[in-house]
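This report refers to the structure that appears directly beneath it.
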Amino acid sequence: SEPFAVVMNLRQVFVSLLMFGVAGLLLLMYLQVWIEEQHTGTVDFLFFFFYVCLETTVRKLEKLPEHCTTQHWRGRADLFGVVAASLVSQLSDQKKMSESPLSWLRGVYLPPALHPLNKTLVKGGRWKDVDSTQEKRRSFLHDFCKKYNSRKKLQTHLVHLVSRIYVEDRHKVLYCEVPKAGCSNWKRVLMVLNGLATSAHNISHDDVHYGKHLRKLDSYDLKGIYTRLNTYTKAIFVRDPMERLVSAFRDKFEHPNSYYHPVFGKAIIKRYRHKANEEALKTGSGVRFKEFIQYLLDSHRPVGMDIHWEQVSKLCYPCLINYDFIGKFETLEEDANYFLQLVDAPAELKFPKFKDRHSSDERTSAEVVRQYLKELSKEERQLIYDFYYLDYLMFNYTSPTV
(Lines give C-alpha, C1' and ligand atoms only; values in the text may rest on other atoms or scores of the structure.)
Protein backbone atom coordinates (compact mmCIF):
# COMPACT_ATOMS: atom_id res chain seq x y z
CA SER A 1 0.00 0.00 0.00
CA GLU A 2 2.92 2.34 0.66
CA PRO A 3 4.21 2.30 -2.98
CA PHE A 4 0.62 2.88 -4.10
CA ALA A 5 0.37 5.93 -1.79
CA VAL A 6 3.65 7.32 -3.17
CA VAL A 7 2.39 6.95 -6.73
CA MET A 8 -0.88 8.66 -5.83
CA ASN A 9 0.96 11.54 -4.16
CA LEU A 10 3.16 12.01 -7.22
CA ARG A 11 0.08 11.92 -9.39
CA GLN A 12 -1.52 14.66 -7.29
CA VAL A 13 1.65 16.76 -7.58
CA PHE A 14 1.61 16.40 -11.37
CA VAL A 15 -2.09 17.20 -11.58
CA SER A 16 -1.73 20.30 -9.40
CA LEU A 17 1.28 21.64 -11.25
CA LEU A 18 -0.21 20.98 -14.66
CA MET A 19 -3.55 22.57 -13.84
CA PHE A 20 -1.76 25.62 -12.46
CA GLY A 21 0.47 25.88 -15.53
CA VAL A 22 -2.37 25.41 -18.01
CA ALA A 23 -4.52 27.99 -16.21
CA GLY A 24 -1.64 30.46 -16.29
CA LEU A 25 -1.04 29.87 -19.99
CA LEU A 26 -4.72 30.31 -20.85
CA LEU A 27 -4.92 33.54 -18.89
CA LEU A 28 -1.69 34.74 -20.47
CA MET A 29 -3.09 34.07 -23.96
CA TYR A 30 -6.29 35.93 -23.07
CA LEU A 31 -4.30 38.91 -21.81
CA GLN A 32 -2.23 38.96 -25.01
CA VAL A 33 -5.36 39.22 -27.14
CA TRP A 34 -6.91 41.83 -24.85
CA ILE A 35 -3.77 43.98 -24.86
CA GLU A 36 -3.50 43.82 -28.65
CA GLU A 37 -7.06 45.15 -28.83
CA GLN A 38 -6.49 47.87 -26.22
CA HIS A 39 -2.96 48.93 -27.29
CA THR A 40 -1.96 49.62 -23.72
CA GLY A 41 0.96 48.71 -21.50
CA THR A 42 -0.85 49.10 -18.17
CA VAL A 43 -0.89 45.40 -17.42
CA ASP A 44 2.80 44.67 -17.98
CA PHE A 45 3.07 43.66 -14.33
CA LEU A 46 0.49 40.88 -14.94
CA PHE A 47 2.65 39.45 -17.71
CA PHE A 48 5.57 39.55 -15.32
CA PHE A 49 3.55 37.83 -12.58
CA PHE A 50 2.38 34.96 -14.77
CA TYR A 51 5.80 34.45 -16.35
CA VAL A 52 7.25 34.13 -12.84
CA CYS A 53 4.46 31.69 -11.94
CA LEU A 54 5.19 29.64 -15.03
CA GLU A 55 8.88 29.73 -14.28
CA THR A 56 8.15 28.43 -10.78
CA THR A 57 6.09 25.58 -12.26
CA VAL A 58 8.90 24.66 -14.63
CA ARG A 59 11.47 24.74 -11.85
CA LYS A 60 9.31 22.39 -9.75
CA LEU A 61 9.04 20.00 -12.66
CA GLU A 62 12.81 20.09 -13.08
CA LYS A 63 13.22 18.95 -9.45
CA LEU A 64 10.97 15.89 -9.70
CA PRO A 65 12.58 12.57 -8.70
CA GLU A 66 14.39 10.68 -11.42
CA HIS A 67 11.84 7.86 -11.46
CA CYS A 68 9.09 10.39 -12.35
CA THR A 69 9.97 10.44 -16.03
CA THR A 70 8.16 9.65 -19.23
CA GLN A 71 8.73 5.97 -18.42
CA HIS A 72 6.59 6.32 -15.29
CA TRP A 73 3.62 7.64 -17.28
CA ARG A 74 3.99 5.46 -20.36
CA GLY A 75 0.83 3.53 -21.12
CA ARG A 76 -1.34 5.60 -18.81
CA ALA A 77 -4.79 6.21 -20.27
CA ASP A 78 -5.66 9.38 -18.37
CA LEU A 79 -5.34 12.86 -19.86
CA PHE A 80 -3.03 14.21 -17.18
CA GLY A 81 -0.67 11.28 -17.60
CA VAL A 82 -0.33 11.97 -21.31
CA VAL A 83 0.16 15.70 -20.83
CA ALA A 84 2.65 15.12 -18.02
CA ALA A 85 4.72 12.77 -20.14
CA SER A 86 4.71 15.23 -23.00
CA LEU A 87 5.59 18.20 -20.79
CA VAL A 88 8.44 16.45 -18.98
CA SER A 89 9.80 15.18 -22.30
CA GLN A 90 9.67 18.65 -23.88
CA LEU A 91 11.26 20.18 -20.80
CA SER A 92 14.13 17.71 -20.94
CA ASP A 93 14.75 18.36 -24.64
CA GLN A 94 14.55 22.12 -24.36
CA LYS A 95 16.80 22.22 -21.32
CA LYS A 96 19.58 20.88 -23.52
CA MET A 97 19.06 23.79 -25.91
CA SER A 98 19.05 26.65 -23.44
CA GLU A 99 19.80 27.46 -19.82
CA SER A 100 16.70 29.65 -19.63
CA PRO A 101 13.73 27.65 -18.27
CA LEU A 102 11.28 29.68 -20.36
CA SER A 103 13.28 30.00 -23.57
CA TRP A 104 10.83 27.61 -25.23
CA LEU A 105 7.92 30.00 -24.63
CA ARG A 106 7.58 31.91 -27.89
CA GLY A 107 5.47 34.88 -28.86
CA VAL A 108 6.57 37.27 -26.12
CA TYR A 109 4.63 40.46 -26.66
CA LEU A 110 5.54 43.75 -25.02
CA PRO A 111 2.98 46.29 -26.27
CA PRO A 112 4.27 49.73 -27.21
CA ALA A 113 3.50 52.22 -24.47
CA LEU A 114 4.38 55.89 -24.53
CA HIS A 115 5.50 56.66 -20.99
CA PRO A 116 6.32 60.28 -20.10
CA LEU A 117 10.03 61.00 -19.70
CA ASN A 118 11.19 62.07 -16.26
CA LYS A 119 12.58 65.53 -16.98
CA THR A 120 12.95 66.73 -13.39
CA LEU A 121 16.75 66.41 -13.57
CA VAL A 122 17.15 68.49 -16.74
CA LYS A 123 18.82 71.80 -15.96
CA GLY A 124 18.73 74.96 -18.07
CA GLY A 125 16.51 76.02 -20.93
CA ARG A 126 18.84 75.07 -23.77
CA TRP A 127 17.18 71.66 -24.21
CA LYS A 128 13.75 72.91 -25.28
CA ASP A 129 14.21 72.19 -29.01
CA VAL A 130 15.91 68.85 -28.34
CA ASP A 131 13.08 67.82 -26.06
CA SER A 132 10.46 68.82 -28.62
CA THR A 133 12.22 66.75 -31.30
CA GLN A 134 12.46 63.83 -28.92
CA GLU A 135 8.74 63.85 -28.18
CA LYS A 136 7.94 63.91 -31.90
CA ARG A 137 10.18 60.88 -32.51
CA ARG A 138 8.63 58.97 -29.64
CA SER A 139 5.10 59.72 -30.80
CA PHE A 140 5.93 58.83 -34.39
CA LEU A 141 7.39 55.44 -33.44
CA HIS A 142 4.54 54.74 -31.03
CA ASP A 143 1.89 55.47 -33.67
CA PHE A 144 3.74 53.44 -36.27
CA CYS A 145 4.04 50.44 -33.96
CA LYS A 146 0.35 50.51 -33.07
CA LYS A 147 -0.50 50.42 -36.75
CA TYR A 148 2.16 47.86 -37.65
CA ASN A 149 1.39 45.51 -34.76
CA SER A 150 -2.28 45.48 -35.67
CA ARG A 151 -1.27 43.77 -38.90
CA LYS A 152 1.55 41.57 -37.72
CA LYS A 153 2.77 40.47 -34.33
CA LEU A 154 6.50 39.77 -34.16
CA GLN A 155 7.50 36.62 -32.32
CA THR A 156 10.82 35.79 -30.74
CA HIS A 157 12.38 34.29 -27.65
CA LEU A 158 12.46 36.75 -24.75
CA VAL A 159 16.19 36.25 -24.20
CA HIS A 160 16.92 36.94 -27.87
CA LEU A 161 14.68 39.98 -27.74
CA VAL A 162 17.00 41.71 -25.26
CA SER A 163 20.33 40.24 -26.35
CA ARG A 164 21.65 43.55 -27.77
CA ILE A 165 20.71 45.64 -24.74
CA TYR A 166 23.45 46.83 -22.37
CA VAL A 167 22.68 47.49 -18.71
CA GLU A 168 23.98 50.26 -16.47
CA ASP A 169 22.49 49.73 -13.01
CA ARG A 170 23.80 52.81 -11.20
CA HIS A 171 21.77 55.25 -13.30
CA LYS A 172 19.18 52.67 -14.37
CA VAL A 173 19.93 52.82 -18.09
CA LEU A 174 19.26 50.27 -20.84
CA TYR A 175 21.01 50.96 -24.14
CA CYS A 176 20.36 48.90 -27.26
CA GLU A 177 23.49 48.69 -29.37
CA VAL A 178 23.13 49.64 -33.04
CA PRO A 179 26.56 49.27 -34.71
CA LYS A 180 27.73 52.21 -36.85
CA ALA A 181 25.48 54.61 -34.95
CA GLY A 182 27.87 55.78 -32.25
CA CYS A 183 27.81 52.52 -30.25
CA SER A 184 31.53 52.49 -29.36
CA ASN A 185 31.38 55.86 -27.68
CA TRP A 186 28.08 54.97 -26.05
CA LYS A 187 29.66 51.93 -24.45
CA ARG A 188 32.50 54.14 -23.23
CA VAL A 189 29.93 56.43 -21.62
CA LEU A 190 28.21 53.46 -19.95
CA MET A 191 31.54 52.32 -18.53
CA VAL A 192 32.10 55.76 -17.01
CA LEU A 193 28.56 55.86 -15.61
CA ASN A 194 29.16 52.45 -14.07
CA GLY A 195 32.37 53.60 -12.37
CA LEU A 196 34.62 51.41 -14.52
CA ALA A 197 36.58 54.39 -15.89
CA THR A 198 37.04 58.03 -15.01
CA SER A 199 36.97 59.33 -18.59
CA ALA A 200 35.54 58.06 -21.87
CA HIS A 201 38.66 59.28 -23.67
CA ASN A 202 40.92 56.84 -21.83
CA ILE A 203 39.11 53.68 -22.93
CA SER A 204 40.62 51.83 -25.89
CA HIS A 205 38.70 50.29 -28.77
CA ASP A 206 39.63 46.76 -27.61
CA ASP A 207 38.43 47.44 -24.06
CA VAL A 208 35.12 48.68 -25.42
CA HIS A 209 34.44 45.74 -27.72
CA TYR A 210 36.35 42.83 -26.21
CA GLY A 211 36.74 43.72 -22.53
CA LYS A 212 33.30 42.43 -21.49
CA HIS A 213 33.05 45.06 -18.77
CA LEU A 214 29.35 45.71 -19.36
CA ARG A 215 26.51 43.28 -18.75
CA LYS A 216 23.77 42.62 -21.27
CA LEU A 217 20.15 42.26 -20.30
CA ASP A 218 19.97 38.62 -21.40
CA SER A 219 22.50 37.72 -18.67
CA TYR A 220 19.85 38.34 -15.96
CA ASP A 221 17.13 35.97 -14.84
CA LEU A 222 13.54 36.48 -15.90
CA LYS A 223 12.68 38.67 -12.94
CA GLY A 224 15.78 40.80 -13.51
CA ILE A 225 14.92 41.28 -17.17
CA TYR A 226 11.33 42.33 -16.54
CA THR A 227 12.20 44.59 -13.61
CA ARG A 228 14.72 46.50 -15.69
CA LEU A 229 12.50 46.69 -18.77
CA ASN A 230 9.71 48.20 -16.68
CA THR A 231 11.74 50.59 -14.49
CA TYR A 232 14.92 51.64 -16.33
CA THR A 233 15.23 54.34 -18.98
CA LYS A 234 15.53 52.54 -22.31
CA ALA A 235 17.48 54.25 -25.11
CA ILE A 236 18.15 53.48 -28.75
CA PHE A 237 20.31 55.48 -31.16
CA VAL A 238 19.75 54.95 -34.87
CA ARG A 239 21.12 56.19 -38.19
CA ASP A 240 19.97 56.64 -41.77
CA PRO A 241 19.96 53.01 -43.01
CA MET A 242 21.95 53.68 -46.18
CA GLU A 243 24.59 55.75 -44.37
CA ARG A 244 24.93 53.02 -41.79
CA LEU A 245 25.30 50.37 -44.51
CA VAL A 246 27.98 52.30 -46.41
CA SER A 247 29.79 53.10 -43.17
CA ALA A 248 29.87 49.39 -42.29
CA PHE A 249 31.21 48.47 -45.73
CA ARG A 250 33.96 51.09 -45.59
CA ASP A 251 35.00 50.05 -42.09
CA LYS A 252 35.03 46.29 -42.61
CA PHE A 253 36.12 45.91 -46.25
CA GLU A 254 38.18 48.97 -47.21
CA HIS A 255 40.65 48.56 -44.36
CA PRO A 256 42.71 45.53 -43.27
CA ASN A 257 40.58 43.28 -41.11
CA SER A 258 41.56 39.88 -39.73
CA TYR A 259 37.97 38.72 -39.37
CA TYR A 260 35.76 40.23 -42.07
CA HIS A 261 38.15 39.63 -44.97
CA PRO A 262 38.71 35.88 -44.44
CA VAL A 263 35.19 35.13 -43.21
CA PHE A 264 33.00 37.39 -45.37
CA GLY A 265 35.39 38.67 -48.03
CA LYS A 266 36.53 35.29 -49.31
CA ALA A 267 32.98 33.96 -49.54
CA ILE A 268 31.70 37.10 -51.29
CA ILE A 269 34.50 37.20 -53.86
CA LYS A 270 34.18 33.49 -54.60
CA ARG A 271 30.42 33.74 -55.10
CA TYR A 272 30.02 37.06 -56.94
CA ARG A 273 33.27 37.87 -58.75
CA HIS A 274 33.70 36.43 -62.20
CA LYS A 275 37.22 35.05 -62.76
CA ALA A 276 38.58 36.18 -59.40
CA ASN A 277 42.36 35.88 -59.08
CA GLU A 278 44.02 33.55 -56.57
CA GLU A 279 45.19 36.36 -54.30
CA ALA A 280 41.66 37.72 -53.84
CA LEU A 281 40.25 34.24 -53.24
CA LYS A 282 42.98 33.52 -50.73
CA THR A 283 42.80 36.72 -48.67
CA GLY A 284 39.25 37.97 -49.19
CA SER A 285 40.58 41.52 -49.50
CA GLY A 286 39.28 44.07 -52.00
CA VAL A 287 35.55 43.32 -51.89
CA ARG A 288 33.71 45.81 -54.10
CA PHE A 289 30.59 47.60 -52.93
CA LYS A 290 28.47 46.07 -55.70
CA GLU A 291 29.62 42.58 -54.66
CA PHE A 292 28.78 43.35 -51.06
CA ILE A 293 25.27 44.42 -52.10
CA GLN A 294 24.85 41.25 -54.15
CA TYR A 295 25.66 39.27 -51.00
CA LEU A 296 23.28 41.35 -48.88
CA LEU A 297 20.35 40.86 -51.27
CA ASP A 298 21.00 37.15 -51.87
CA SER A 299 18.41 34.99 -50.13
CA HIS A 300 20.98 32.15 -50.23
CA ARG A 301 23.97 34.07 -48.86
CA PRO A 302 27.22 32.10 -48.68
CA VAL A 303 27.71 33.54 -45.16
CA GLY A 304 25.16 34.79 -42.70
CA MET A 305 24.17 38.29 -41.62
CA ASP A 306 26.23 40.48 -39.32
CA ILE A 307 25.13 42.99 -36.69
CA HIS A 308 26.91 45.83 -38.52
CA TRP A 309 24.42 45.67 -41.39
CA GLU A 310 21.48 43.86 -39.78
CA GLN A 311 18.23 45.86 -39.69
CA VAL A 312 17.59 47.81 -36.48
CA SER A 313 14.14 46.24 -36.41
CA LYS A 314 15.86 42.87 -35.88
CA LEU A 315 18.53 44.11 -33.49
CA CYS A 316 16.47 46.11 -31.00
CA TYR A 317 12.81 45.25 -31.76
CA PRO A 318 11.53 48.84 -31.40
CA CYS A 319 7.89 47.74 -31.69
CA LEU A 320 8.19 45.12 -28.95
CA ILE A 321 10.27 47.11 -26.48
CA ASN A 322 8.87 50.54 -25.63
CA TYR A 323 12.05 52.65 -25.81
CA ASP A 324 11.86 55.83 -23.78
CA PHE A 325 14.49 57.73 -25.75
CA ILE A 326 15.18 57.70 -29.50
CA GLY A 327 18.44 59.34 -30.49
CA LYS A 328 19.75 59.77 -34.01
CA PHE A 329 23.31 59.70 -35.29
CA GLU A 330 22.59 62.82 -37.31
CA THR A 331 22.11 64.77 -34.04
CA LEU A 332 24.19 62.42 -31.90
CA GLU A 333 26.07 64.81 -29.63
CA GLU A 334 23.05 66.94 -28.81
CA ASP A 335 20.75 63.97 -28.24
CA ALA A 336 23.31 62.10 -26.14
CA ASN A 337 24.08 65.00 -23.83
CA TYR A 338 20.37 65.64 -23.30
CA PHE A 339 19.91 61.96 -22.43
CA LEU A 340 22.77 62.16 -19.91
CA GLN A 341 20.91 65.01 -18.18
CA LEU A 342 17.75 62.91 -18.04
CA VAL A 343 19.51 60.07 -16.18
CA ASP A 344 21.41 62.36 -13.77
CA ALA A 345 24.89 61.64 -15.17
CA PRO A 346 27.84 63.53 -13.62
CA ALA A 347 27.91 67.11 -14.90
CA GLU A 348 31.44 66.73 -16.25
CA LEU A 349 30.53 63.72 -18.41
CA LYS A 350 29.94 64.68 -22.04
CA PHE A 351 29.45 62.42 -25.00
CA PRO A 352 32.81 61.93 -26.80
CA LYS A 353 33.24 63.59 -30.18
CA PHE A 354 36.16 61.55 -31.48
CA LYS A 355 35.91 58.96 -34.26
CA ASP A 356 36.60 55.52 -32.86
CA ARG A 357 38.57 54.08 -35.80
CA HIS A 358 40.08 55.30 -39.07
CA SER A 359 39.97 58.86 -37.78
CA SER A 360 41.69 60.24 -40.88
CA ASP A 361 38.92 58.99 -43.17
CA GLU A 362 36.13 61.27 -44.28
CA ARG A 363 33.00 60.55 -42.29
CA THR A 364 30.26 58.70 -44.13
CA SER A 365 27.84 61.44 -45.15
CA ALA A 366 24.90 61.69 -47.55
CA GLU A 367 27.28 62.81 -50.30
CA VAL A 368 29.63 59.87 -49.69
CA VAL A 369 26.64 57.52 -49.84
CA ARG A 370 25.56 58.97 -53.18
CA GLN A 371 28.96 58.14 -54.66
CA TYR A 372 28.66 54.51 -53.60
CA LEU A 373 25.09 54.18 -54.81
CA LYS A 374 26.17 55.27 -58.29
CA GLU A 375 27.91 51.90 -58.61
CA LEU A 376 24.56 50.14 -58.40
CA SER A 377 21.68 49.70 -60.80
CA LYS A 378 18.33 51.36 -60.16
CA GLU A 379 16.87 47.96 -59.33
CA GLU A 380 19.59 47.24 -56.77
CA ARG A 381 19.06 50.60 -55.09
CA GLN A 382 15.35 49.88 -54.80
CA LEU A 383 16.02 46.42 -53.37
CA ILE A 384 18.31 47.85 -50.68
CA TYR A 385 15.61 50.33 -49.72
CA ASP A 386 13.14 47.45 -49.54
CA PHE A 387 15.60 45.51 -47.37
CA TYR A 388 15.69 48.35 -44.82
CA TYR A 389 12.08 49.36 -45.38
CA LEU A 390 10.99 48.97 -41.75
CA ASP A 391 13.97 50.96 -40.46
CA TYR A 392 13.12 53.79 -42.85
CA LEU A 393 9.50 53.82 -41.71
CA MET A 394 10.04 53.39 -37.97
CA PHE A 395 12.43 56.27 -37.61
CA ASN A 396 11.00 58.56 -40.29
CA TYR A 397 13.98 58.56 -42.65
CA THR A 398 13.50 59.51 -46.31
CA SER A 399 14.46 57.22 -49.16
CA PRO A 400 17.91 57.85 -50.68
CA THR A 401 18.42 59.77 -53.91
CA VAL A 402 21.29 59.51 -56.36
Side-chain angles (χ1 to χ4, degrees), residues 114-142 164-205 207-209 213-214 228 231-240 243-244 247 312 315-316 318 321-357 359 363-366 394-397:
L114 195 61
H115 302 298
L117 277 170
N118 180 7
K119 302 170 186 177
T120 57
L121 298 170
V122 177
K123 301 169 185 176
R126 58 168 290 202
W127 303 109
K128 183 177 179 181
D129 291 341
V130 184
D131 176 67
S132 176
T133 300
Q134 182 60 217
E135 291 301 333
K136 289 176 183 176
R137 290 175 187 168
R138 281 158 36 88
S139 295
F140 185 90
L141 179 60
H142 177 257
R164 304 306 313 172
I165 297 179
Y166 284 88
V167 180
E168 198 285 290
D169 284 314
R170 283 190 176 187
H171 297 80
K172 296 187 175 181
V173 171
L174 298 181
Y175 162 72
C176 188
E177 178 189 26
V178 177
K180 312 312 298 179
C183 68
S184 297
N185 280 337
W186 256 118
K187 286 191 276 189
R188 288 185 172 94
V189 167
L190 293 179
M191 290 174 68
V192 174
L193 287 174
N194 204 34
L196 300 172
T198 56
S199 171
H201 293 78
N202 299 331
I203 307 172
S204 70
H205 177 271
D207 278 341
V208 167
H209 292 285
H213 301 294
L214 298 169
R228 286 166 177 81
T231 61
Y232 284 22
T233 304
K234 300 174 288 295
I236 181 175
F237 277 71
V238 298
R239 185 177 187 177
D240 176 274
E243 282 191 22
R244 181 171 164 254
S247 177
V312 176
L315 289 174
C316 297
I321 297 175
N322 49 321
Y323 288 97
D324 304 296
F325 193 93
I326 303 161
K328 290 194 173 184
F329 186 82
E330 294 78 11
T331 52
L332 177 59
E333 187 180 344
E334 200 172 35
D335 290 345
N337 288 326
Y338 177 53
F339 179 79
L340 291 175
Q341 289 247 328
L342 288 170
V343 298
D344 198 26
E348 64 274 12
L349 178 60
K350 306 298 179 186
F351 192 81
K353 296 181 181 179
F354 62 85
K355 196 170 186 284
D356 188 51
R357 300 178 70 191
S359 56
R363 285 188 179 271
T364 303
S365 62
M394 282 181 177
F395 304 108
N396 201 21
Y397 282 109

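The analysis underlying the following values was restricted to heavy atoms, covering all of them including side chains, and did not include hydrogens, waters or symmetry mates.
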One should read off an interatomic distance between Y338 OH and R126 CZ, to the nearest 0.5 angstrom, of 11.5 Å

Is there a donor-acceptor pair under 3.5 Å between the side chain of S247 and the backbone N or O of E243?
-> no

With no hydrogens and no angle check, is any side-chain donor or acceptor of N337 less than 3.5 Å from a backbone partner on E333?
-> yes

### Query
Taking atom types as modelled and ignoring hydrogens, do the side chains of Y232 and D169 form a donor-acceptor contact shorter than 3.5 angstrom?
yes

Check your understanding: Mind checking whether V130 and T331 have side chains closer than 4.5 Å, heavy atoms only?
Key -> no

Q) Are any non-hydrogen side-chain atoms of L315 and P179 less than 4.5 angstrom apart? A) yes

Looking at E330, is its backbone amide N or carbonyl O close enough to the side chain of R239 to form a donor-acceptor pair, meaning the two atoms are under 3.5 Å apart? no

The single option from L349, V173, N194 that satisfies side-chain contact (heavy atoms from CB on, under 4.5 Å) with V189 is L349

Looking only at heavy atoms, the pair that brings C183 and V178 closest together is CB-O, 3.7 Å

Q. Is the shortest heavy-atom distance from the side chain of P346 to the side chain of L193 under 4.5 Å?
A. yes

Exercise. Hey, do the aromatic rings of W186 and F351 have their centres closer than 6.0 Å?
Worked result: yes

Hey, are the side chains of E168 and L214 touching, using non-hydrogen atoms and a 4.5 Å cut-off? no

The residue among T231, I321, I165, T233 that forms side-chain contact (heavy atoms from CB on, under 4.5 Å) with L174 is I165

Review point. Below 4.0 angstrom, N of the basic side chain to O of the carboxylate: do K119 and E135 qualify?
Key: yes

Nearest heavy-atom contact between V122 and L342 is CG2-CD2, 3.5 Å

Check ion pair D335-R137 (N to O, under 4.0 angstrom): yes

In sequence, state the C-alpha distance, the side-chain angles, and the governing distance for F237 and F325, and then conclude on side-chain contact (heavy atoms from CB on, under 4.5 Å).
-> CA-CA 8 Å; F237 277 71; F325 193 93; 3.7 Å; yes

Problem - E177 bridged to K187 by N-O distance under 4.0 Å - result: yes

* Asked: Under 6.0 Å from the six-membered ring centre of Y397 and within 45° of its axis: does the NZ or CZ of K328 meet both?
  -> yes

Of all heavy-atom pairs linking M394 and P318, the shortest is SD-CG, 3.8 Å

### Task
Report yes if some heavy atom in the side chain of N396 is under 4.5 Å from a heavy atom in the side chain of K136; otherwise report no.
no

Heavy-atom nearest pair, H213 first then L196, reads O-CD1, 3.5 Å

Practice task
Determine, stepwise, if the pair N185 / L332 fulfils side-chain contact (heavy atoms from CB on, under 4.5 Å).
Solution key: CA-CA 11 Å; N185 280 337; L332 177 59; over 6 Å; no

- Task: In sequence, state the C-alpha distance, the side-chain angles, and the governing distance for C176 and Y166, and then conclude on side-chain contact (heavy atoms from CB on, under 4.5 Å).
- Result: CA-CA 6 Å; C176 188; Y166 284 88; over 6 Å; no

Margin query: A side-chain contact here means heavy atoms from C-beta on lying under 4.5 Å apart; do V238 and F329 qualify?
Written below: no

* Asked: Does NZ in K350 sit with more than 12 non-hydrogen atoms of other residues, nucleotides or ligands closer than 6.0 Å?
  -> yes

Under 3.5 Å donor-acceptor, R244 side chain and A181 backbone: no

The reported gap from SG in C316 to CD1 in I326 (rounded to nearest 0.5 angstrom) is 11.5 Å

Do H171 and D344 get their side chains close enough for a donor-acceptor pair, meaning under 3.5 Å?
no

Open item on the list: I'd like to know whether D324 forms a side-chain hydrogen bond (donor to acceptor under 3.5 Å, both in side chains) with H115, so could you lay out the CA-CA distance, the side-chain angles of the two residues, the decisive distance to 0.1 Å, and finally the verdict.
Closed with: CA-CA 7 Å; D324 304 296; H115 302 298; 5.7 Å; no

